[in-house]
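All heavy atoms count here, side chains included; hydrogens, waters and symmetry mates do not. In what follows, chains carry the letters A, B, and so on, assigned in the order in which the sequence lines appear, proteins first and then strands, with residues in each chain numbered from 1.
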Protein chains: 2
Amino acid sequence: MYTVAEENYIKSIYHLQRHQKSVHTNDLAAELNTRAASATDMIKKLEAKGLLKYEKYYGCSLTKTGKKLALNIIRRHRLWEFFLSEKLGFGWEEVHAVAEQLEHVQSDLLTDKLDVYLGFPLFDPHGDPIPDTLGNMAAREQTPLSLWTSQAPAEVCGVGSQDESFLEMLSLKQLEIGCRLTVLRHFNFDKTVELQLATGSSFTISEMLAKNIFVKPVEV
Amino acid sequence: MYTVAEENYIKSIYHLQRHQKSVHTNDLAAELNTRAASATDMIKKLEAKGLLKYEKYYGCSLTKTGKKLALNIIRRHRLWEFFLSEKLGFGWEEVHAVAEQLEHVQSDLLTDKLDVYLGFPLFDPHGDPIPDTLGNMAAREQTPLSLWTSQAPAEVCGVGSQDESFLEMLSLKQLEIGCRLTVLRHFNFDKTVELQLATGSSFTISEMLAKNIFVKPVEV
DNA sequence: CGAAATATTTAGCCAAAGCTAAAAATATAT
DNA sequence: ATATATTTTTAGCTTTGGCTAAATATTTCG
Ligand SMILES: [Mn+2]
Ligand SMILES: [Mn+2]
Ligand SMILES: [Mn+2]
Ligand SMILES: [Mn+2]
């Protein structure tokens, strides 16, 4: 159906589109570790296939068809991440790289049977929602810890990066999905955040870290 | 590491090598639904990488390294087939096509964790043995039904083709791996074989079919 | 506004993996 | 032992998806 390269472009465009309404060539190239010239070429190919619309020197944005494809690829990626983590015992810092390969196995039957087998999971190991067959997915309230000013306890519900060392650091600090914490203080000097776990232990984390940890109010 | 094309060539050469000691360009091209010219090109590439040795106009055969790679790909293929069949509920006629894609996901960690998760299965859904990490696998006694002359009951332990309609036909006739049967008669005229299942029902199958059903003596 | 900086596209390469058609080597048959 | 047939290789072309360098468009800033 679609080549691996095409699928990777579509997925990247989809992700970039959440932030900017139109996706710029340079941003796309950066996201895919390639060059602007290559991105321009592929954009033209994808436009010819009706997956996106493109205006020279301005940028591109996915069509309905393009979005549907993107959500299907994301569905495959996150279902495999869940499988690797839940069934095979991979660490959450290991699953992304393998899922990058598995997501390109094209068989809707496989995807749907996997979904059934896993019990229709709603979130992947990083807290990202898994689209269903129609592309619908749970909305996630995602307040970065850097903006959480409430005294009330918060629950970690997602992370903003797939970087291995970032995720390893979180595991080390016992900051996993579902874990409860309270923000003790935001230091103005460098935006360091001091927090306390349910276990009682308290420590500080950098602003960079705080920006990539998403929390929500603890449900009662 | 290796491209999908390279892996497919290595796997095909390995399979052809069981029959002929040296693999001929035309046979390889036929196996891969490609042309002799393309096969020649790839053979040269694989020789340069040390995976096979090649003599012009004569043929090629895998080196130690090449065989090791081939067995690893076959291991991945058969483990995925087992997974699809056992865990996801795929029919045995559906698994091969999907496994053709999954086999190219390159992660030894994934392969080994999958093996553990599946409980170190010895055979895939078609009765083919699954190599372990070192490339060792169970030897299968495989007498085709066309050559089974004994009156003693036999157990189906493998099939000689992955063709979908062939496997569907077997399912229809209740001829699955592990099933018991007795050969009633070989008809000389067209080599038709008459057989009887443990259920009591008896019927005939064509020579072509009989050649692709492997049996072994029922263990007591 | 106009110059400089930045972003994007175009032009012209390259490697992988396929193809056809022609040439060359090997095998077969009279 | 030739002549014919078959097999294999070579040569030259195609597509996909990269790249660099140069050209062009857009944005920013003095
Ligand atoms: Mn991921
Ligand atoms: Mn990918
Ligand atoms: Mn198979
Ligand atoms: Mn394959």
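- Shown here is Phe203(A), whose CZ atom has more than 12 heavy atoms of other residues, nucleotides or ligands within 6.0 Å.
- Residue Lys68(A) qualifies as open at atom NZ: its count of foreign heavy atoms under 6.0 Å is 12 or below.
- Ring geometry, Trp80(B) versus Phe83(A): the interplanar angle falls from 30° to 60°, so the pair is classed tilted.
- In the displayed structure, Lys211(B) atom NZ is contacted under 6.0 Å by at most 12 heavy atoms of other residues, nucleotides or ligands.
- A donor-acceptor pair shorter than 3.5 Å can be found between the side chains of Lys53(A) and Ser61(A).
- The side-chain hydrogen bond (donor to acceptor under 3.5 Å, both in side chains) test with His77(B) singles out one residue from Gln101(B), His96(B), Glu7(B), and that residue is His96(B).
- The C1' atoms of five pairs define one axis at each end of the helix from dC1(C)-dG30(D) to dT30(C)-dA1(D), and these two axes lie 10° apart (to 10°).
- Listed pair Asn26(B) / dT6(D) fails the phosphate criterion, with no side-chain N or O lying under 4.0 Å from OP1 or OP2.
- When the C1' atom of dA17(C) is taken as reference, atom CG of Leu28(B) falls 14 Å away, rounded to whole Å.
- Using a 4.0 Å cut-off, no side-chain N or O of Thr25(A) falls inside it from OP1 or OP2 of dA7(C).
- Look at Arg35(A) and you'll find a side-chain N or O under 4.0 angstrom from OP1 or OP2 of dT20(D).
- Residue Ser38(A) places at least one side-chain N or O under 4.0 Å from the OP1 or OP2 atom of dC19(D).
- Screening Leu167(A), Ile213(A), Asn212(A) for a side-chain contact (heavy atoms from CB on, under 4.5 Å) with Ser161(A), the sole residue that qualifies is Asn212(A).
- At a non-hydrogen distance threshold of 4.0 Å, Tyr54(A), Lys56(A), Tyr57(A) from residues 46-63 of chain A come into contact with DNA chain C.
- Taking only side-chain nitrogens and oxygens, Thr40(A) never comes nearer than 4.0 Å to OP1 or OP2 of dT8(C).
- Distance NZ (Lys44(A)) to P (dT16(D)): 15 Å, rounded to an integer number of Å.
- Atom CE of Met1(A) and atom NE2 of His104(A) lie 15.5 Å apart (nearest 0.5 Å).
- Closest contact between the side chain of Tyr9(B) and the listed nucleotides dG18(C), dG18(D), dA17(C) involves dG18(C).
- Candidate nucleotides dA11(D), dG17(D), dA11(C) were compared by shortest atom distance to the side chain of Ala37(A), and dA11(C) ranks first.
- Using a 4.0 Å cut-off, no side-chain N or O of His24(B) falls inside it from OP1 or OP2 of dT7(D).
- Rounded to whole Å, atom C1' of dG18(D) lies 14 Å from atom CG of Asn8(A).
- In summary, the side chains of Ser171(B) and Trp92(B) do present a donor paired with an acceptor at a separation below 3.5 Å, with no hydrogens or angles considered.
- Among dT10(C), dT8(C), dG17(D), the nucleotide with an atom closest to any side-chain atom of Ala5(A) is dG17(D).
- Distance CG (Asp41(A)) to C1' (dA11(C)): 10 Å, rounded to an integer number of Å.
- Straight-line distance from the CG atom of Leu32(A) to the P atom of dG18(D): 8 Å, rounded to whole Å.
- More than 12 heavy atoms of other shown residues, nucleotides or ligands fall within 6.0 angstrom of atom CZ in Phe187(A).
- A straight line from CG of Asn33(B) to C1' of dC19(C) spans 14 Å, rounded to a whole angstrom.
- A straight line from CD of Glu6(B) to P of dA16(C) spans 9 Å, rounded to a whole angstrom.
- When the side-chain nitrogen and oxygen atoms of Thr34(A) are compared with OP1 and OP2 of dC19(D), one or more of them lie within a distance under 4.0 Å.
- Separating the CD1 atom of Ile43(A) from the C1' atom of dA7(C) is a distance of 12 Å, rounded to the nearest angstrom.
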